[in-house]
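See below for the structure under consideration.
Starting from 1, each residue takes its place in the sequence as its number. Atoms within each ligand, like the ligands themselves, are counted from 1 in listed order.
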Amino acid sequence: MKLKEKISFDNLKQKVIEKGLCNRCGGCVSFCSADRIGALEIGEDGFPRYADKEKCLECGICYLICPQTHILKEEVEDEFGWKAPIGLYQDIFSARATDKNILKVATDGGVVTSLLSYMLENNLIDGAVVSKKTGLFSRKSIIATSHDELIQAAGSQFSEANHLEKMGAEYTTFVPTIPIIRELAPKTPLRLAVVGTPCQIQAIKKMQVLRILPSDVIIFTIGLFCMQSFALDDLMKRKFARKHRINLKGIVKLNVKEDFIITMDSERTVHIPLEEIEEIARPACLACKDFANDYADISVGGLGSPDGYTTVLTRTVTGQRIYTEALHKDYIENKKGNSQLISVEKSKTLSLIEAFAERKRKRADKRLNEIHYRPFLAPLLKAEAITPGRNCNDL
Ligand SMILES: Cc1cc2nc3c(=O)[nH]c(=O)nc-3n(C[C@H](O)[C@H](O)[C@H](O)COP(=O)(O)OP(=O)(O)OC[C@H]3O[C@@H](n4cnc5c(N)ncnc54)[C@H](O)[C@@H]3O)c2cc1C
Ligand code: SF4
Ligand code: SF4
Ligand code: SF4
């Protein structure tokens, strides 16, 4: 790829951040070529900005690796063999962990935790980048190097976005995992697996296409399906809780399949249609096109599987091999049934994934159209659910 003109963070500001498309993954700041001399920083609003513009080398890396730009699209598609409509895949399964302790804490069937556990215990990786629960509403990225640490990181819930403390609490399902990869020294002799949403996996794949260190330490990616991440400030939190008659502090588990599923303390389960939940989606998510995590080695979600099972798309040859080995070594088990029925279920689930992928692409096209033709919307989108100074007293 040859760049016709110099690209810098100014382009990212103009094309992504000011248009309300930044999903605050932290990739540009973490992998800025001038990060050691402090060209960029994360602002108080959680969005990237210049710390010192004079230090920018105008190398364009921040722009190229941003998951919300598409300048590297062809290179990434070619390198990872993308095929329409949901990327390359070898097979599809409905599976679950064989370990009861994993099943107890998993979001769906605990396949993610089991696969990572298999790879760690068989010395195929040295660690896995996952997000660990640190409190009722907090999560942080860690590199798990043991089975216990993987179990502590299983499942999903709302997290408090710590960098926004000054602006009041925000609860979100998005956990930035990219910055922790940057903390590894270049050439660290590690072999890591990463679990991430499509935007996170895309940023990593772009770094790998550009051979940016230390992205070479990531040898395996498990991609979560993702229709959207959610963000709530105090005001939205109160409104949401009242509308759906739930106590947010009592949430045991959050899950997204055909709809948004909230499991409460009391074993009560609340189902909310995805269209209804879009009011608490992070605005950047509404312009994001990748649902099925098209570039991961293995993609997973709850969509299409019965409760307690994970839907698994094995994508690359390595992904298929790891899955088969974990199956043979009894870390996971496929859903049982007669082979004809399983084959019908497989094609039904594939159609469902393709339909969700199409739905997400259409939603993004609509949103991008609005942003291009109604530019006055951009500042509103960038504001996200966070409004400084707004709190429960405003109700
Ligand atoms: C923000 C988000 C949106 C999702 N949207 C959908 C959807 O629309 N449709 C669908 O079918 N499935 C969706 N999923 C995936 C689904 O919820 C399950 O994570 C997936 O089925 C794996 O289940 P499991 O039981 O095998 O995973 P587990 O064994 O429970 O492991 C889950 C892994 O995900 C990691 N993790 C949890 N939260 C995050 C996060 N925010 N960022 C990065 N890693 C995280 C954990 O650390 C853990 O390693 C989404 C997941 C997330 C986090
Ligand atoms: S030095 Fe490169 S990566 Fe950093 S802000 Fe400037 S253009 Fe972006
Ligand atoms: S989406 Fe990520 S890489 Fe792109 S501007 Fe926002 S923080 Fe930077
Ligand atoms: S929808 Fe999911 S993949 Fe897309 S930006 Fe939001 S969190 Fe990332």
Side-chain angles (χ1 to χ4, degrees), residues 6-12 21-25 28-29 31-35 37 39-40 48 50 53 55-65 67-68 95-97 102-103 105-117 128-133 139 141-142 144 150-159 172-177 194-202 222-230 253-261 274 281-282 284-293 299-305 308-312 332 352-353 356 360 364:
K6 269 198 170 173
I7 303 182
S8 75
F9 182 71
D10 281 330
N11 300 76
L12 198 58
L21 298 175
C22 170
N23 64 39
R24 300 190 289 179
C25 72
C28 53
V29 179
F31 284 86
C32 166
S33 310
D35 81 312
I37 51 173
L40 298 183
Y50 277 121
K53 189 171 175 173
K55 292 182 176 154
C56 171
L57 307 171
E58 298 190 344
C59 66
I61 295 292
C62 53
Y63 187 81
L64 294 173
I65 66 166
Q68 300 288 60
R96 67 178 178 190
I102 295 181
L103 281 176
V105 289
T107 319
D108 289 309
V111 170
V112 174
T113 306
S114 306
L115 289 175
L116 295 174
S117 185
V129 178
V130 288
S131 76
K132 178 186 168 177
K133 275 174 236 155
R139 259 186 119 93
S141 286
I142 58 155
L150 286 177
I151 294 221
Q152 285 165 27
S156 54
Q157 53 164 172
F158 279 124
S159 321
T172 173
T173 47
F174 187 79
V175 183
T177 48
V194 174
V195 181
T197 50
C199 54
Q200 292 166 339
I201 300 299
Q202 277 198 28
I222 301 186
L224 307 168
F225 294 171
C226 184
M227 200 64 189
Q228 61 226 341
S229 258
F230 307 101
K253 191 160 91 173
L254 293 177
N255 203 352
V256 197
K257 283 154 95 83
E258 281 82 347
D259 49 17
F260 188 53
I261 310 160
L274 289 178
R282 301 178 337 137
C285 293
L286 300 179
C288 163
K289 297 190 178 194
D290 186 352
F291 168 73
N293 225 314
S299 299
V300 292
L303 188 66
S305 280
Y309 284 86
T310 308
T311 298
V312 184
I332 49 176
L352 202 55
I353 296 170
F356 268 70
K360 189 171 176 184

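Counting only distance, with no hydrogens or angles, the side chain of Asp108 and the backbone of Leu303 share no donor-acceptor pair below 3.5 Å. With Arg282 contributing its side chain and Asn23 its backbone, the two residues share a donor-acceptor pair below 3.5 Å. Side-chain atoms of Glu58 do not come within 3.5 Å of backbone N or O of Lys6 as any donor-acceptor pair. Side-chain N or O atoms of Lys257 include one that pairs as donor or acceptor with a backbone N or O of Ser305 at under 3.5 Å.
For ligand 1, the atoms lying closer than 4.0 Å to a non-hydrogen atom of Gly109 are 25 (O). Interface atoms of ligand 4 facing Ser229, defined by a heavy-atom separation under 4.0 Å, are 7 (S). Remark: ligand 2 atoms within the under-4.0 Å shell around heavy atoms of Ser8 are 7 (S). Within ligand 4, counting atoms from 1 as listed, the ones closer than 4.0 Å to a heavy atom of Asn23 are 5 (S). The distance from ligand 1 to the heavy atoms of Leu303 drops below 4.0 Å at these ligand atoms: 11 (O). If you number the atoms of ligand 2 from 1 as listed, the ones under 4.0 Å from a heavy atom of Ser33 come out as 3 (S), 4 (Fe). Close contacts of ligand 1 with Ser131, meaning ligand atoms under 4.0 Å from a residue heavy atom, involve 36 (N), 37 (C), 38 (N), 39 (C), 45 (C), 47 (O). Atoms of ligand 4 found under 4.0 Å from any heavy atom of Pro198, numbered from 1 in the order shown, are 3 (S). Within ligand 1, the atoms closer than 4.0 Å to a non-hydrogen atom of Gly302 are 10 (C), 11 (O), 12 (N), 21 (O), numbered from 1 in the order shown. Set against the non-hydrogen atoms of Met227, the atoms of ligand 1 under 4.0 Å away are 5 (N), 7 (C), 8 (O). Listed by number with element, the atoms of ligand 2 under 4.0 angstrom from any heavy atom of Phe9 are 5 (S), 7 (S).
Polar contact check, Val130 against ligand 1: no nitrogen or oxygen pair lies under 3.5 Å apart. Here's the thing with Ala106: none of its N/O atoms is less than 3.5 angstrom from an N/O atom of ligand 1. Checked against a 3.5 angstrom limit, the closest N/O atoms of Ile102 and ligand 1 fall outside it. Note: no N/O pair closer than 3.5 Å links Ala154 and ligand 1 by distance alone. For Thr197, no nitrogen or oxygen atom sits less than 3.5 Å from a nitrogen or oxygen atom of ligand 1, counting backbone and side chain alike. Backbone and side-chain nitrogen or oxygen atoms of Val105 are examined, and none is located within less than 3.5 angstrom of a nitrogen or oxygen of ligand 1. Inclusion of Gly196 in the set of residues having an N or O under 3.5 Å from an N or O of ligand 1 is not warranted. The shortest N or O to N or O distance between Leu224 and ligand 1 is not under 3.5 Å. Between Gln228 and ligand 1, no N or O atom pair is found at a separation short of 3.5 Å. Considering backbone and side-chain atoms together, Lys132 places no N or O closer than 3.5 Å to any N or O of ligand 1.
Using a 4.0 Å heavy-atom cutoff, Phe291 is listed among the residues neighbouring ligand 1.
To the nearest 0.5 Å, the span separating CD1 on Ile61 from OG on Ser33 amounts to 5.0 Å. Here the SG atom belonging to Cys59 is positioned 8.0 Å from the CG atom belonging to Leu64, to the nearest 0.5 angstrom. Rounding to the nearest 0.5 Å places CG of Asn255 at 9.0 Å from CZ of Phe260. One distance of note links CD1 of Ile102 with CD1 of Ile151; it measures 4.5 Å at 0.5 Å rounding. Here Ile201 contributes atom CD1 and Ser299 contributes atom OG; the two are 8.5 Å apart, rounded to the nearest 0.5 Å. Note that OG1 of Thr311 and CD1 of Ile353 are 6.0 Å apart. Values are rounded to the nearest 0.5 Å.
In this structure, Ile332 and Thr310 have side chains that are not in contact, with every pair of non-hydrogen atoms separated by 4.5 Å or more. Looking only at side-chain heavy atoms (C-beta outward), Val300 and Val195 stay at 4.5 Å or farther from each other. Residues Leu274 and Gln228 are in side-chain contact: their nearest non-hydrogen atoms beyond the backbone lie under 4.5 Å apart. Leu224 places none of its side-chain heavy atoms less than 4.5 Å from the side chain of Gln200. Pro48 places none of its side-chain heavy atoms less than 4.5 Å from the side chain of Leu40. Side-chain contact between Lys360 and Cys288 is present, with heavy atoms from C-beta onward closer than 4.5 Å. Contact check for Asp290 versus Gln202: side-chain heavy atoms found under the 4.5 Å cut-off.
Here the shortest heavy-atom pairing between Leu103 and Gly109 reads CD2-O, 3.5 Å.
At least one N, O or S atom of Cys226 sits under 2.8 Å from atom 2 (Fe) of ligand 4.
Of all protein heavy atoms, the one lying nearest to atom 6 (Fe) of ligand 2 is Cys56 SG, 2.4 Å. With respect to atom 8 (Fe) of ligand 2, the closest heavy atom belonging to the protein is Cys62 SG, 2.4 Å. The closest protein non-hydrogen atom to atom 4 (Fe) of ligand 2 is Cys32 SG, 2.3 Å. In terms of protein heavy atoms, atom 2 (Fe) of ligand 2 is closest to Cys59 SG, 2.3 Å. In this structure, atom 1 (S) of ligand 2 lies nearest to the protein heavy atom Leu57 N, 3.2 Å.
Of all the heavy atoms of Leu40, the ones lying under 4.0 Å from any atom of ligand 2 belong exclusively to the side chain. With a 4.0 Å heavy-atom cut-off, ligand 4 is reached by the side chain of Lys360 but not by its N, CA, C or O. Looking at Ser229 against ligand 1, only its side chain comes within 4.0 Å, counting heavy atoms.
Nearest-heavy-atom check against atom 14 (N) of ligand 1 across Phe225, Phe356, Tyr309 picks out Phe225. Among Thr113, Asn255, Ile261, Val256, the residue whose heavy atom sits closest to atom 7 (C) of ligand 1 is Val256. Of all the listed residues (Leu103, Asp108, Val111), Val111 holds the heavy atom that lies closest to atom 26 (O) of ligand 1. Across the listed options Ser117, Gly110, Ala153, Ala153 owns the non-hydrogen atom lying nearest to atom 48 (C) of ligand 1.
The side-chain contact (heavy atoms from CB on, under 4.5 Å) test with Ile222 is passed by exactly one of Val111, Leu115, Thr113: Leu115.
Note on ring orientation: taking the six-membered ring where Trp is involved, the planes of Tyr50 and Phe9 are perpendicular (angle over 60°, cut-offs 30° and 60°).
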